[in-house]
Enquirer: 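This is the structure I have questions about; it appears just below.
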There are 2 protein chains.
Amino acid sequence: MRLVIARCQVDYVGRLTAHLPMAPRLLLVKADGSVSIHADDRAYKPLNWMSPPCWLEEQPGVWTVRNKADESLVITIDEVLHDTKHELGVDPGLVKDGVEAHLQELLAAHPTTFGEGYTLVRREYMTAIGPVDLLLRDAAGKSVAVEVKRRGEIDGVEQLTRYLELMNRDPLLAPVAGVYAAQQIKPQARTLAEDRGIRCLVVDYDALRGTESTDLRLF
Amino acid sequence: MRLVIARCQVDYVGRLTAHLPMAPRLLLVKADGSVSIHADDRAYKPLNWMSPPCWLEEQPGVWTVRNKADESLVITIDEVLHDTKHELGVDPGLVKDGVEAHLQELLAAHPTTFGEGYTLVRREYMTAIGPVDLLLRDAAGKSVAVEVKRRGEIDGVEQLTRYLELMNRDPLLAPVAGVYAAQQIKPQARTLAEDRGIRCLVVDYDALRGTESTDLRLF
DNA sequence: CGCTATATGTCGCTC
DNA sequence: GAGCGACGTATAGCG
C-alpha cells in the first residue's frame, strides 16, 4: 500500500464526468492496483476512485488510472508532501455476525418458529422474478412464502407481495400465504404487510441461536 | 489527517457484530473524527469504519471509537509501523456533470420518442406521493406517465406502479398509461412491468443527443 | 461472466 | 428526525 499526500487535481471521465480542483489530498494506491483519493473528512467514501481491475500509469506530474471499460482518472500532481510504501500482505478478512444470511439459515433449520407442524420445502425458492427466501408448508400442507430481513422495512413487503402475486398463479402452489420475518419490523412496514394479509413475525435472533446451541447440547 | 500503519485487531459492535483478526492495516483518522480501517485491496470500501459524528479515545494499545447510537469500534494495536499527521484543510469539493437529469431533459424535449403524436404535458408532474418524471398525452389525447431511469430495475417499476394507481383515481387524468424509459432495462424489471401493462422503452442516449445536435444544426 | 440481492450501504433532499 | 430516491453505488453469491 502506497500513501501519498499531494496537492493535486483530479479529473474522472466514465459513467459521469467529475472534477476536483487543485488541493492537498491523500492518494491511496493499493496492492490490487486500485486508487482512491480522500479528503480530510468522511470515513467511508473517497472523493474519487478507480476500482480494480485497473492500471496506473505514472508520469512526472500526471498519474493516469484506466480500467477495461475505458473509464479514466487523471491525477495532476502539483506537489508531493509525503510518499511512503508499506507491505501489508493479504488480509485475513472480516467476520460478520447477525446478517440476513445467518438469520435465514437459522429459520430454515427451525421451521416450527413459524408455527406448529411447519416444514421447510426449500431455501431460495426460485421464481421468474427472483428467489423467495424460504418456502414452507404449514401443518395443513398449505404453501407459505417467507421473506427474511434483518430490519423489516417497506421494500421487503413490496418484494414479498410480488412473489406472492406470482406464486399464487401457480396452481401447484396456490394458495400461498406470506410471512414477513425480521428481527425488527417498522410500524409502516407492519401496517402495509398486515393490510395485504401478510403475517409479521418478529424473530429473536439470540433466542433462536440459543435454541441452536441447546440442540447442540442435547445431541 | 492521521495515517497509521499498524498490526491491529478490530471489533465492531453496532448494527451488527464484526471482527477483524490481528493483521497489518491502514488506520485513517480524519479531521472530522471519523476512523476507517483499510486492507491492501478495494479502493472504495474500508474493512471497517465509524462515520462522523464520533469520538476517538486513545489509550496505549487500545483505541475506542464511539458514536451517539452507542455503536463502538475497538481497535487493539499490537505494533505501530508508521504514524504521520498531515494538515489538508477543507476540500474545495467535487464538481459533477450528471447523466440522469439530462436524459429526462432530452426526453421532455423529444416526446415523439415515445410515439407518433405524443406531446409533453409536464416534467416532474406532482402527485400526492411524489413527482412523476414526465406526463405526456398520446395522439389520441390519453394521459401517459413516464418513469425515467438510467438503468431500469425493479424498484422503478414499483415506483411507477404507485404513481399510476394514484393517478388512475383522478377522473381528470384517468385512464393513465405507463411507460418505463431507461437506457437499459433488466429482464426482471421488464417482466414485472409488462405483466402490469407498463410499456418498456429502451432509450438510446447518444442517438437522442445526436437528434438534439441535428436540431441545433437545422435551426 | 452476467445477474440479483444485500449493505454497518452513504448521501442529499423534503417534510 | 424520518422517509425516499439516487449513487460512478460497491460487493458477495450463484447460475
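Chain identifiers are assigned alphabetically (A, B, ...) following the order of the sequence lines, protein sequences preceding nucleic acid strands; residue numbering begins at 1 within each chain. Computed from a prediction, not measured in an experiment: that's the story for all the values here.
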Enquirer: Where each residue is assigned the nucleotide of DNA chain D containing its nearest heavy atom, which of A:L47 and A:P52 is assigned the position nearer the 5′ end?
Expert: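 Nearest nucleotide further toward 5': that of A:L47.
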
Enquirer: Charged N to carboxylate O below 4.0 Å: is that the case for B:E71 and B:R66?
Expert: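 Salt bridge flag = no for B:R66 with B:E71.
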
Enquirer: Do A:L73 and A:N48 come close enough that some side-chain heavy atom pair is under 4.5 Å?
Expert: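 Answer yes - side chains close enough.
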
Enquirer: What nucleotide among D:dG8, C:dT6, D:dG5 has an atom nearest to a side-chain atom of A:N48?
Expert: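 Among D:dG8, C:dT6, D:dG5, the one nearest the side chain of A:N48 is D:dG8.
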
Enquirer: Please give, in whole Å, the distance from D:dT11 P to A:D91 CG?
Expert: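 A:D91 atom CG is separated from D:dT11 atom P by 14 Å.
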
Enquirer: What's the CD-P distance between B:E71 and C:dA7, to the nearest Å?
Expert: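 Atom-to-atom, B:E71 to C:dA7, this comes out as 15 Å.
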
Enquirer: Within the structure provided, determine whether B:Y180 and B:V148 are in side-chain contact (heavy-atom separation under 4.5 Å).
Expert: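 Sidechains of B:V148 and B:Y180: no contact.
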
Enquirer: What's B:Y163 touching, base or sugar-phosphate or nothing? Going by heavy atoms closer than 4.0 Å.
Expert: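 Nothing, no nucleic acid heavy atom in range.
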
Enquirer: Does the side chain of B:L56 reach to within under 4.5 Å of the side chain of B:W63, using non-hydrogen atoms?
Expert: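 Yes - at least one pair of side-chain heavy atoms lies under 4.5 Å apart.
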
Enquirer: Atom NZ of A:K96 and atom C1' of D:dA12: how far apart are they, to the nearest Å?
Expert: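 One finds 9 Å between C1' of D:dA12 and NZ of A:K96, rounded.
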
Enquirer: Determine the Euclidean distance between corresponding P atoms of D:dG8 and D:dC4; express it in Å to zero decimal places.
Expert: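 Each nucleotide's P atom is 22 Å from the other's.
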
Enquirer: Which parts of nucleotides 9-15 of chain C does protein reach within less than 4.0 Å, heavy atoms only, written one letter per nucleotide 5' to 3' as B for base, S for sugar-phosphate only and - for none?
Expert: SSS----

Enquirer: For DNA chain C, whose closest nucleotide is more 5', that of B:A18 or that of A:K68?
Expert: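 Final value for this comparison: A:K68.
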
Enquirer: Whole Å only: how far is the CD atom of A:Q104 from the C1' atom of C:dA7?
Expert: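 Whole-Å distance recorded here is 16 Å.
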
Enquirer: Which atoms form the tightest heavy-atom contact between A:D170 and A:L172, and what is the distance?
Expert: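 That would be OD1-N, 2.8 Å.
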
Enquirer: Please give, in whole Å, the distance from C:dT4 C1' to A:D133 CG?
Expert: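 Checked: the CG to C1' distance equals 12 Å.
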
Enquirer: Does the side-chain contact (heavy atoms from CB on, under 4.5 Å) test come out yes or no for A:I5 and A:R25, once each step is laid out?
Expert: CA-CA 6 Å; A:I5 304 275; A:R25 301 189 180 91; over 6 Å; no

Enquirer: Between residues 30-41 of chain A and DNA chain C, which residues have a heavy-atom gap below 4.0 Å?
Expert: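 When residues 30-41 of chain A is checked for heavy atoms under 4.0 Å from DNA chain C, there are no hits whatsoever.
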
Enquirer: Below 4.0 angstrom, N of the basic side chain to O of the carboxylate: do B:D133 and B:R123 qualify?
Expert: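 No, no charged N to carboxylate O under 4.0 Å.
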
Enquirer: Find the distance B:K149:NZ to D:dG8:P and express it as a whole number of Å.
Expert: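 Rounded to whole Å, this separation is 14 Å.
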
Enquirer: Can you check side-chain contact (heavy atoms from CB on, under 4.5 Å) on A:L136 and A:V146, steps first, answer last?
Expert: CA-CA 8 Å; A:L136 309 175; A:V146 182; 3.8 Å; yes

Enquirer: From CG of B:L160 over to P of D:dG5, roughly how many Å is that when rounded to an integer?
Expert: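 Atom CG in B:L160 sits about 12 Å away from atom P in D:dG5.
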
Enquirer: Just so I know, are the side chains of A:M167 and A:T127 near enough to count as touching, which here means a heavy-atom distance under 4.5 Å?
Expert: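 Yes, their side chains come closer than 4.5 Å.
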
Enquirer: At under 4.0 Å between heavy atoms, what does A:Q159 touch on the DNA or RNA strands: base, sugar-phosphate, or nothing?
Expert: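 It contacts sugar-phosphate atoms only.
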
Enquirer: CG of B:L192 versus C1' of C:dT4: gap in Å, rounded?
Expert: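 It is 14 Å, rounded to the nearest whole Å.
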
